[in-house]
Amino acid sequence: MNINFFMNKAIEQANKAILCKEVPIGAVLVDNISHKIINASHNMVNLNNNASSHAEICLINEACKIKKTKFLVETSLFVTLEPCTMCAAAISEVHISRIYFGAYDEKKGSLDSIMKLYNTKNYFVPEVYGGIEEKKCSDILKNFFQKKRNR
């Protein structure tokens with residue numbers, strides 16, 4: 001599986017989020033066997049007027065509809081920012097096999113940065129790989145918030 005290729009697809013989604021005036025976080029879900037993209041999404045908090053419409057949640061909801069299943073086994077999630085607690089729990093609930101994330105989130109990251117959610121009992125534990133295309137992912141967020149502050 002070409003990890004950088006799929007992370008760059010997630011980055012494309014983050015850039016789409018900017019056009020929608022959303023915080024630029026993008027996500028892509030890939031089938032581990034065929035290596036094909038099942039679904040791609042970005043933050044839709046403002047669009048949906050719903051604070052829980054993070055890229056990962058939107059992606060999971062649509063992917064379950066596409067695959068007509070409540071579990072997303074044998075899939076990999078590529079996301080530009082380390083998932084928060086809500087998203088990490090949802091990822092576990094649907095049994096996504098692997099998570100590849102770009103930038104570490106020192107404020108709300110729940111895999112490596114602030115809290116290690118999967119170290120607690122009773123969670124399905126995916127493989128986690130952080131720092132994929134980290135600079136690109138981090139720069140998108142930094143530039144977005146810098147422009148917002150300078151308005």
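This one's a predicted model, so the numbers in the text were calculated from it and none came from an experiment.
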Practice task
Could you please spell out the steps behind the side-chain contact (heavy atoms from CB on, under 4.5 Å) verdict for Cys20 and Met44?
Solution key: CA-CA 8 Å; Cys20 299; Met44 294 187 204; over 6 Å; no
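The closest donor-acceptor contact from the side chain of Asp105 to the backbone of Lys107 lies under 3.5 Å. A distance-only check finds a donor-acceptor pair linking the side chain of Ser97 to the backbone of Glu74 [under 3.5 Å]. Although no hydrogens or angles enter the test, the distance criterion places a donor-acceptor pair under 3.5 Å between the side chain of Glu22 and the main chain of Val45. Under a 3.5 Å cut-off, the side chain of Thr75 and the backbone N or O of Val30 do not form any donor-acceptor pair.
Ring geometry for His95 against Phe124 counts as parallel: the plane angle stays under 30°, on a 0 to 90° scale with 60° as the upper cut.
Residues Val125 and Tyr129 share a single hydrophobic cluster, defined by chaining ILVMFWY side chains whose heavy atoms lie under 4.5 Å apart. In the hydrophobic clustering of this structure, Phe71 does not group with Ile91; members are Ile, Leu, Val, Met, Phe, Trp, Tyr whose side-chain heavy atoms approach within less than 4.5 Å, directly or through other members. Side-chain heavy atoms closer than 4.5 Å link hydrophobic residues (I, L, V, M, F, W, Y) into clusters, and following such links, even through other members, never connects Leu47 to Leu59. Using a 4.5 Å cut-off between side-chain heavy atoms of Ile, Leu, Val, Met, Phe, Trp and Tyr, with links allowed through other members, Met7 and Ile38 fall into the same hydrophobic cluster. Follow the hydrophobic side-chain contacts under 4.5 Å out from Val73 and you never reach Phe78; the two are in separate clusters.
Between Phe6 and His35, the closest heavy-atom pair is CZ-O, 3.2 Å. Taking both residues in full, the closest heavy atoms of Cys137 and Ile132 are given as SG-O, 4.0 Å, listed atom of the first, atom of the second, then distance. Taking all atoms of both residues into account, the shortest heavy-atom contact from Glu82 to Ser110 is OE2-N, 3.5 Å. The shortest heavy-atom contact between Val28 and Ala10 is CG2-N, 3.5 Å. Here the shortest heavy-atom pairing between Ala17 and Pro24 reads CB-CA, 3.8 Å. Closest approach of Ala55 to Asn43, counting heavy atoms only: N-OD1, 2.8 Å.
Looking only at side-chain heavy atoms (C-beta outward), Thr85 and Lys108 stay at 4.5 Å or farther from each other. Taking 4.5 Å as the limit, some side-chain heavy atom of Ile60 sits within range of a side-chain heavy atom of Ile96. The side-chain heavy atoms of Ile11 and Asn15, taken from C-beta on, include a pair separated by under 4.5 Å. Looking only at side-chain heavy atoms (C-beta outward), Val23 and Phe145 come within less than 4.5 Å of each other. Side-chain contact between Ile37 and Leu29: absent, with no pair of heavy atoms (C-beta onward) separated by less than 4.5 Å. Contact annotation: the side chain of Arg98 never approaches that of Pro126 to less than 4.5 Å [non-hydrogen atoms, C-beta and beyond]. Using a 4.5 Å heavy-atom cutoff, the side chains of Asn8 and Glu133 are in contact.
Atom OG in Ser41 sits 9.5 Å away from atom NZ in Lys16 (nearest 0.5 Å). His54 NE2 to Cys87 SG: the interatomic distance, rounded to the nearest 0.5 Å, is 5.5 Å. Ile25 contributes atom CD1, which lies 10.5 Å from atom CD1 of Ile140 (distance to the nearest 0.5 angstrom). Here the OG atom belonging to Ser76 is positioned 8.0 Å from the CD1 atom belonging to Ile3, to the nearest 0.5 angstrom. Within the model, atoms CZ of Phe144 and CD1 of Ile18 stand 7.0 Å from one another, a figure rounded to the nearest 0.5 Å.
Annotation for Asn2: atom CG counts as buried by contact number, over 12 foreign heavy atoms lying within 6.0 Å.
Hydrophobic cluster membership for Ile57: Met86 (Ile, Leu, Val, Met, Phe, Trp, Tyr linked by side-chain heavy atoms under 4.5 Å, directly or transitively).
Each salt bridge (charged side-chain N to carboxylate O under 4.0 Å, His left out) pair with one or both residues in residues 36-63, not counting sequence neighbours, would appear here, but there are none.
With no hydrogens or angles considered, no side-chain donor-acceptor pair links Lys67 and Asn39 at under 3.5 Å.
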